[in-house]
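Presented below is the structure to which this report refers.
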Amino acid sequence: MRLSRRSVLKLGLAAPALAALPQAFARVAHAGRPDHALVLLKLDGGNDGLNTIVPFADDAYHRHRPGIGIPTAEVLRLDDQVGLNPALEGLRALWDRGELAVLQGIGYPDPDRSHFRSTDIWETATTGVPERWSGWLGRALDTPAPAGGGIPGLQLDDGPLSLALVGERVVVPCVRDAGRFRVDGGSAVRERLARLLLGPSQGGPLLHIQKAARQAYRTADSLERALSRERRAADYPDTELARQLWQIARLIEADFPARVFALRLPGFDTHSRQRPGHDALLRTLGDAIGAFFRDLRRVRRGDRALLLTYSEFGRRVRENRSLGTDHGAAAPMLVAGGGVRGGIYGGHPSLEQLEQGDLVHHTDFRRVYASVLEGWLGVDAARVLAGAFAPLPFV
Amino acid sequence: MRAIPACLTLLCLTLGFAARAADTPAERLPGGATAYLELDDLAAAYEQLRASPLGEMLPNHPAVEAFATSPDGLKLRILRGMLYGATGQDAGSLLRSLVSDQAAVALYPGSRPGTPRWLAAVRARGDTIERLLLIGAIVFQWQRVDLVPASEGRAAVFGYGDKVFGFRDGDVWVLGSDRELVEQALRGPRRPLSRDPRIRAARARLPSAHTGFAFLDLEPFAARLAQVGKPPNIGAALLLGALAEQAPRAPWLALGAALEPADADLRLALSALIPTSRASRTAGEAFAGTLEPLPFDLGDRALGQLRLHRDVGALWSHRDDLIAEAGIPGLVTFETNFGVITGGMNLVEEFLPSLVGDVSIVATRASWGQGPAPLPRYPQAALLLRIREPAELAPRLAVGFQTLIGLVNANRSQNGQKPLLLGSETHDGVVVHSARFLAPTPAEMEGLRALPVRFNFSPAHAVVGEHLVLATAPDIVRELIDAHGTPPPETDAVNARLALRGSEVARTLEENREPLIAQNMLNEGNSREEAERAIGFVLDVARYIRGATLSHESLDGMARIDLQIGLGAPEP
Amino acid sequence: MSAGLEAWVPTRSQPWDEDAAAHLWRRAGFGATRPQLERALADTPAAAVRDLVTGPADDPACVELESIYPVLLAQANADALRSWLVARMIRCEHQLREKIALFWHGHFATSIAKVREPVWMSRQYGIFLERGLGRFAELLAAITRDPAMIRWLDNETNRKGQPNENFARELFELFTLGVGHYGEHDVSEAARAFTGWTVLADRFHFSVSSHDAGDKTVLGQTGPWSGDDVLRIALGQAACAEFLAGKLLRFFAHPDPPPELTRALADVLRDSDYDVGRTLEHLLRSRFFFDLRVRRGLVKSPVEYAVGAIRTLGVRAEPAELVPALREMGQDLLAPPNVAGWPGHTEWINTATWLTRVNTARGLAERLAHPASGEAGLERHSRALLGRELDARLRTELLRDEPLAADLAHGLLALPEAHLN
């Protein structure tokens, strides 16, 4: 069953007409449900796509990477062409359940190899000079304004705020720890302040403030209770990423209003001695994501979160002399979650026809964004992306 | 609220003391305490401090006078007035009569967590304690009851409500929160605290002439201490060394303090001691051993020195055990970048194994002569690493330094910041590579009374003798070249040592008076006058500090940390 | 609302009282200290407004702060410079100057996130302090030559043959005219006029070789225009005065000002040759401004909220500590979210920023210079903070369980009303 579906999906990318049907169905099924959460995870530094989703069947891969290539025998095969880096063992269960989509050959024309510039392109979703200093999710969250002034999204680290979340109107908070959303002094102080909101509502700005304040005290209360459920943390690996995902799971469990959660996993700029470090990062990634969705399923929220990874660029096909890889271009993206149609989307880009030694993309990254915006968040993608991009059928 | 007078009484009591005869107050305390504090000759220490130049300066300092008229100062005066009214003594003589010879106080586990029982024994002259108890009785309406009448050779036990129990035996007073403990003390405990093997072991390893001794049982805190994470980055791991692993696992902690005359000055010595038997092997291997003499003698020029005996290679290979997980990606990036910068030199296989011995950082005051100087004016610092084959590594390191500056420049230009210019010179036969900022443009200097802060940094590099030197300015590299070859007299065999020269620290602070005032105004919301007074006080006190050293050494099964501060008259 | 720009004359039913004076100082400054309030009430409203526009003859607290500015510039630390700005707002007597500078900072919203040089950012803010109440034409000319602005809107890369339209677009859209009063063609033509306006050695530099000296047609006028010509042409548009008048009204008076009032204020701007101080004087003494429905009709920005609490309640403030708090509340000085500035009004308050507001308030309430509790404390603090007394229900709720002075002040600061300006 799984095999046949995957082959259909592969076709889907080549023939957008075929893809339109499931896509339309998906939109009717659950597009724009207000309880859909997007977890956006940046693999910071430029993730090496070729050692993440390994094209083991291609001789060129092993030829280009005699020192750091993953031996065919170790690859966790997804089909007869590509497989996961063995460090991503943690994602296997998701794949087997059909809840992991691998999008291959994603990129944009004229790839920029500067970390900063390329990150700007990915996060603003514009390839030219950005007209506005705002990000694709920031614009998506701008309208409609969240009810009661709730928290539209959340970035869990020390900042600075990802450009992807910068809106023209919304302010997305950025905290290392979601536990920061509390009234200092504890529940006694919070309850005392909440009682002060009992006054009459007169409309206008005062009404807005009263609503926001009430919502804030409710949020702080539900967060405090959600984050005090320490016991389930034991099922997660002992990593920062896992701790953050555990918090997000608790927020989703508590019906926290945020629709977008942003995270960063740094360290992917692997110019030398790549294997040990990169494998460790992938293990951190796979194990944490695996634990996250196991946890969400257990609390019956498995279909509420969609996790999307991106990185500013992939890496050069040929390994360098320091057993590392330099900045490249096209790369795969991973999408996981109960609402995802698992499978491999798009063929692996050719390892023979390269541009400046880099893989050539065949699918614009904004098509992925369009799929998430329309299919998952229920936002008009054309408005956010300032142009029409055909969605992929993975949601 | 009730806790305050109890604590006050306790505090006063612990400041009091007695003879070194067999029957010392400490002998009265039974074993089993979780915390124990003993003070000896505190009155003498207090007098010494008062008679020192710093002690003479403090009461007359304008900042202290200003404090006296502030609301907080007023509260203090009221408190002193109350004490005078009750005891008929001013604060100084009250302290002297309480703080005579010896006092000991101990905390014992209580029936509920967080409510320990306490017991104190002091030798005090006159009726000061009696009077203080009277204040407590009046303010808190405790009623005094005689519980056990005096019998042959035994003192009477009294109680103040159910708050304080005690007895007086000659000039020794014993007071406690628990009647049973007090009665044990009256009978004379079968196993007094002073014979606790842990306390005896600690005393044996602390300087004998201590003014204060404290012991803390860490077992009750074991669960909380176990949560203390690994150091977040390699800098912290290097600095803390084995202590990062040992301290959170220590079963107990002992502290000693002494104030002693040293030449014309006073020396304040503090020591901390923890058992290390449970330290892991990993840390032991990477950090054990003692410092070698450093073959550079900067003499009076030295402002400070931090020296650590560390095997960086071992630290690197055990990094997963020694550094918090969040710090690891940074190291991976560093390892990668190191290869790029040095043109392919492998950090783990080539560079780290070539390091021998110690990691040292030395600092001196930057001299700007008559020319323009930046503000704030930072000291210049140099990192020194001894390397095995200096002749072979030197050219590769020089290339690495230049590449690094190139990368820094690329990054700076991407951010629209001023670049650094590379250069090199030969000083006494040693090639010094450095990079400096171009002189500021007239437009940049508009409205500035000093050079921008970046002029403190002029990264420099050289290989001096067997040492790789990385510095914040070429001046200090030249100073090090001049000072090379003569190890300064340094006899103590310790594992890590931080030394500061007071006069140079004071001068550095003085040079930065203006930025410190600005910072104080913005941090505290002070007016300029208030800020000048506050900073003036800090600077004036700093001038009385001759110097400070902090060192760490491993004794058999124990780790000891010593802090010594020298106090004396300021240099003219 | 029928009231217009005519000067307000206090009446028996609407007197020149504490509430009116406090309103004036909340809008034209960051709240009045007790002595300032008393001084204002001893005078007429017109004279009080005049004082706010001209400023006091001497301002020792401000002079003191300016004495440390050269050191802070050398230090080039963005947060130190931010805390210096906050300290100014707290302590400088000439409150309208500080307030208008903050207005222009939001109008010409430039962010250190891209400019990177704290000193450049600080110098740009210096232009707002120095010229904020002067003629808009001079302010605009200075800002167009400001290195931070040039970098912020990419004019460094605006060269003959390869124009970068970023500055020209924002000049029309956000600085002078507003959407709908210019076309795409005007943007691209104006961009050519600003070619060669760049930065060299930390200062504005006009590069003749990069400048496109050819004819341009901007807003219907054709000629070999330079950047200054474009500024002149923009200022000559009818839309410019209305655009600016609308922004001033939304910041100082009302979130949604009536169109006829905007037009009237635009006339004042034009007639005074864009003299911002005189225009504000008209607005601040007008009947419209003092209308009861205008009072407390805006939402306080984080700066207005925190600095206002400090000034009115008498808090022993620590400016450096406020900087991160303001950032969390959504107003990171020197780093507005984008070129359109802070959205303002109700957008200031959402779940996250509300929590940071009440947590910041806790810290402020604990540092009252003269804490007072009980009925008397409530009376004193509520008058100082809100300009009036509270209804019985709130009084009962606030005094429940005999709160300490700090808890009482914290409760007051957490009232939604305390967040209205």
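Labels below follow one simple rule: chain letters A, B, ... track the order of the sequence lines, proteins then strands, and each chain is numbered from 1. Values below: every heavy atom of this structure, side chains too, minus hydrogens, waters and symmetry copies.
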Practice item. Measure distances from A/Val166 to the heavy atoms of chain C and classify the residue's part below 4.5 Å as side chain, backbone, both or neither. Key: side chain
Review point. Which region of C/Glu165, side chain (C-beta onward) or backbone (N, CA, C, O), has a non-hydrogen atom less than 4.5 Å from a non-hydrogen atom of chain A, or is it both or neither?
Key: neither
Check your understanding: Any side-chain heavy atom of C/Asp401 sitting closer than 4.5 Å to one from A/Arg192?
Key -> no
Practice item. Using a cut-off of under 4.5 Å on heavy-atom pairs, state which of C/Leu415, C/Thr346, C/Leu398, C/Val358 scores highest against chain A. Key: C/Thr346
Point to revise | Beyond-backbone contact of C/His410 with A/Leu193, side-chain heavy atoms, under 4.5 angstrom | key: yes
Check your understanding: Does A/Asp184 reach the main-chain N or O of C/Asn359 with its side chain, forming a donor-acceptor pair under 3.5 Å?
Key -> no
Practice item. Name the member of A/Leu154, A/Val183, A/Val189 that forms the most heavy-atom pairs with chain C at distances under 4.5 Å. Key: A/Val183
Check your understanding: By a 4.5 Å heavy-atom criterion (distance strictly below it), what part of A/Arg182 contacts chain C: side chain, backbone, both, or neither?
Key -> backbone
Check your understanding: Between A/Leu197 and C/Pro416, is any pair of side-chain heavy atoms under 4.5 Å apart?
Key -> yes
**Study point:** Non-hydrogen atoms of A/Leu196 and C/Leu394 that approach each other most closely
**Key:** O-CD2, 3.8 Å
Point to revise | Positive for side chain to side chain contact (heavy atoms under 4.5 Å, CB included) with A/His208, one of C/Asn350, C/Val299, C/Ile349 | key: C/Ile349
Exercise for review: Just give me the residue among C/Thr356, C/Asp407, C/Thr353 that pairs up with chain A most often, heavy atom to heavy atom, under 4.5 Å.
Suggested key: C/Asp407
Check your understanding: Looking only at heavy atoms, which two atoms of C/Trp354 and A/Ile209 are closest? And how far apart?
Key -> CZ3-CG2, 3.4 Å
Review point. Any idea which heavy atoms bring C/Gly297 and A/Pro205 closest together, and the distance?
Key: O-CG, 3.8 Å
Practice item. Check whether C/Arg357 gets within reach of chain A through its side chain, its backbone, both or neither, counting any heavy atom under 4.5 Å. Key: neither
